[in-house]
Amino acid sequence: MSITVAKNAGFCFGVNRAVELVEQQAQSGKQVFTLGPIIHNRHAVHHFEQMGVHVIETPEEAPAGSTVIIRSHGVSRAVQQRLERQNVEIIDATCPFVKRIHDIVSKAEEEGRLPVIIGTRTHPEVVAIAGWCSRCEVFETPEELQAWANRSDVPSDMPICMVCQTTSTEFLWKMCGEIAKKEFTNLKIFDTICKATEFRQSEAAKLSAVCQAMVVVGDAKSSNTGRLAMICREHCNRVYLVDNATELNADDFCGVTDVGITAGASTPAWIIKEVNKTMSEIVNVETTEENFAELLEQSIKTLNTGDKVTGVVTHIGNTEIQVDLGTKHAGYIPYDEVSADPTVKPEDILHVGDEIEVFVVRVNDQEGTCQLSKKKLDGMKIWDEMATYVDDKATVEGTITEENKGGLVATVKGIRVFIPASQSGIAKGGDMAGMVGKTVKMKITEVNRARRRVIGSIRAVTSEERKAAQEKIWSEIQEGAKYHGVVKSLTSYGAFVDIGGVDGMVHVSELSWNRIKTPADVVKVGDEIDVYVISFDPVKHKISLGYKTPEMNPWNQFMTNYNVGDVVDAKIVKLMTFGAFAEIIPGVDGLIHISQIADRRIAKPEDVLAEGQEVQVKITDVDAENKRISLSIRALLDEAEEDAE
């Protein structure tokens, strides 16, 4: 047989807190009383009586000068006022969740709203809540709420504030909420169900669905325990509600192979352990024994402002995230303490069941609450990271958000980083505004946490990258190697090209096969061009580059595309006494001898031709060795005459 004890069985943090307060006062040597049983469990009450803590039913029973502890269910305003008149020390052990409901209904009445409470009318918690307003309505079932809403004297626009008993079921509460939203137009709803109760009930439902028998441990008078048993019976045929281990009957578990154990919020840990031990003895399963003091010590941990603690997300509400810290305190994270990014929705980054590390902002031992911040801890971690970035000289990414007179401002993981103009990587007078909105790489060079100042450098990254690129190029460079580069600057004698961290020079003679006046006739700064290495000096770090290629050689292009006998269009580029030079393609000229200009004798070429004139010529001869081309206009004229004859 296997035995499974529910993780959420037993004391919730509110009951745990109340029990701890009683323990502390019992050891103080004072005369201590609890106003009503501190929790719904006779064993716990008996335990405290043995320690000298007695139960009184009315404030008037408390002797002057004694200490009176208000139980976890809370009391009405009138009862508290009566207690205050008794001249006693008052210790308020009301569950913080219940205390919050008192504040809600009290404020609602001040706003002119009618408090509507969903819960058991006779339950001490509900009685106490109702006592914090002069008038309210209490409904135990959705049917009761619906019947009231249908009454003619209940207008649909009545201002209503609806809350629920902390131990109510989620199903019941949702049904009532749907009815209220449907029937009333001026409604405020506060989900006041204790999430510890919800988890306990949910776990009991899941456990009872897979076990052949369930043992529910707790006082039969406890509403919380009774509801657990009811939930278990919906999924399991064998459900046994026991007050303690002595009520277990071995015959009830004959033929059972899987047993689940759960317990109400008022069930002490030692009783759960005794039940588990007895069940283990019945089925011969070994178990460990722990006393109440040890169990209490395990469940009570101290928290201090400034602590870093780990907890589990238990509920995501409309204004805060509830976190179980495994202590007596109810941990919560206000929405504005979840993330430094205002656009982030808490429900998108946190989910119920997530384990998270948080920063303790404020501890309220009186109310049993603990305000937490994920944002502050994330911020602290980021500042720690920033410091390591400086030490490790790490490269980080950031987004440029603005430009100012001193440089640029970037955001790195939510931290503002200033980048001086000299470290922006932009030349003096350059367009820094064009950087806004871009994601860049940078080095963090200085972090001053006290002044919340961070300095960054883009130039450090580009310099590092350039150095690495230079080392790579110099380690691999060889004559004839080809590179894709960018023209960085022009001089009268050539162009300097960045081939990836290293600048090489293309001499003006290597820019074009044609005669040019300046490098600007071929390229301009910023052009991306393909170049090749002609020669290099690794000692002086000089590289000579070439841009013009054999494929770009006009003579090669001519020889590839033209033949003797072809008729081409040409442009007269120069007149001489012995003839005229005509350009066939840029960079390739041919000579039209004076005897080949016309079909008659002429004194000089300019009698027929002019520079810039477009003419048709015939290629009559090509001297490839000396790169000379003979052209003729007369040959075309003779051919035309012959055709005419």
Side-chain angles (χ1 to χ4, degrees), residues 7-8 12-14 16-17 20 95-97 99-100 103 191 194-196 199 297-392 394 396-399 401 410-417 444 446-454 456:
K7 293 179 181 179
N8 292 295
C12 62
F13 87 91
N16 213 12
R17 171 176 173 271
E20 185 198 23
C95 171
F97 281 156
K99 199 76 174 175
R100 175 173 173 256
D103 294 337
D191 185 356
C194 173
K195 295 305 168 184
F199 291 145
E297 180 65 26
Q298 290 175 9
S299 62
I300 298 174
K301 302 174 186 175
T302 57
L303 289 177
N304 299 297
T305 299
D307 284 351
K308 297 177 184 178
V309 295
T310 300
V312 177
V313 176
T314 58
H315 178 64
I316 299 178
N318 295 326
T319 59
E320 64 188 29
I321 310 292
Q322 293 177 13
V323 180
D324 180 6
L325 301 173
T327 71
K328 64 179 181 178
H329 298 88
Y332 67 95
I333 310 173
Y335 265 20
D336 58 0
E337 289 297 326
V338 172
S339 173
D341 186 347
T343 63
V344 170
K345 294 181 180 180
E347 60 269 25
D348 291 341
I349 61 174
L350 292 177
H351 307 89
V352 173
D354 285 354
E355 185 175 89
I356 59 171
E357 191 177 14
V358 287
F359 178 84
V360 177
V361 177
R362 188 181 301 107
V363 179
N364 190 327
D365 288 321
Q366 284 294 105
E367 295 185 1
T369 59
C370 178
Q371 182 179 335
L372 309 168
S373 174
K374 182 177 180 295
K375 179 174 73 174
K376 281 186 174 61
L377 186 59
D378 290 345
M380 291 167 64
K381 288 182 177 179
I382 291 173
W383 279 98
D384 291 340
E385 284 184 37
M386 288 292 173
T388 62
Y389 293 155
V390 177
D391 297 336
D392 298 341
V396 298
E397 282 193 350
T399 302
T401 57
T411 299
V412 177
K413 295 188 175 182
I415 300 293
R416 186 178 187 273
V417 179
I444 303 300
E446 180 185 335
V447 174
N448 188 323
R449 187 177 295 202
R451 296 178 61 184
R452 300 187 70 79
R453 183 180 70 180
V454 181

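Computation of the quantities below employed the complete heavy-atom set of this structure, encompassing side-chain atoms and omitting hydrogens, waters and symmetry-equivalent molecules.
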Check: Does Glu397 have any salt bridge (charged side-chain N to carboxylate O under 4.0 Å, His left out) partners at least two apart in sequence or in another chain, and if so, which?
Finding: none
Notebook entry, point to check: Once you round to the nearest 0.5 Å, how far does CG of Asp307 lie from CG of Leu377?
Noted result: 11.5 Å
Item checked: Side chain proximity check, Phe359 to Ile333, heavy atoms < 4.5 angstrom -> no
Item checked: salt bridge (charged side-chain N to carboxylate O under 4.0 Å, His left out) partners of Lys413, counting only residues at least two apart -> Glu385
Next item on the list: Start with the C-alpha gap between Val360 and Leu372, add the side-chain angles, then the distance that decides, and say whether side-chain contact (heavy atoms from CB on, under 4.5 Å) holds.
Entry: CA-CA 5 Å; Val360 177; Leu372 309 168; 4.1 Å; yes
Margin query: If the condition is salt bridge (charged side-chain N to carboxylate O under 4.0 Å, His left out), which residues does Arg449 pass it with, not counting sequence neighbours?
Written below: Asp384
Margin query: Applying side-chain hydrogen bond (donor to acceptor under 3.5 Å, both in side chains), can you list everything that pairs with Arg362, at least two apart in sequence or on another chain?
Written below: Gln371
Checklist line | Which residues share a side-chain contact (heavy atoms from CB on, under 4.5 Å) with Arg453, sequence neighbours left out | finding: Glu446, Asn448, Arg451, Ile455
Notebook entry, point to check: Got a sec, which residues hit side-chain contact (heavy atoms from CB on, under 4.5 Å) with Thr411, two or more places apart in sequence or on another chain?
Noted result: Thr401
Next item on the list: Look only at the side chain of Lys375 and the backbone of Asp336, and say whether a donor-acceptor pair between them is shorter than 3.5 Å.
Entry: yes
Check: Can you name the side-chain hydrogen bond (donor to acceptor under 3.5 Å, both in side chains) partners of Ser373, sequence neighbours left out?
Finding: Glu337
Margin query: Distance check, rounded to the nearest 0.5 Å: Tyr335 atom OH versus Ile316 atom CD1?
Written below: 6.5 Å
Item checked: Test side-chain contact (heavy atoms from CB on, under 4.5 Å) applied to Val390 - qualifying residues, sequence neighbours left out -> Ile444, Val447
Next item on the list: Identify the heavy atoms of Thr369 and Pro96 that sit nearest to each other, and give their distance.
Entry: CG2-CB, 3.9 Å
Note to self: Test of understanding: with side-chain hydrogen bond (donor to acceptor under 3.5 Å, both in side chains), list the residues that count as partners of Lys374, not counting sequence neighbours.
What the structure shows: Asp378
Donor-acceptor pairs under 3.5 angstrom involving side-chain atoms of residues 344-351: please list them, not counting sequence neighbours.
unit_1	atom_1	unit_2	atom_2	d
His351	ND1	Asp354	OD2	3.4

Item checked: For Cys370 against Val363, the heavy-atom pair lying closest together -> SG-CG2, 4.2 Å
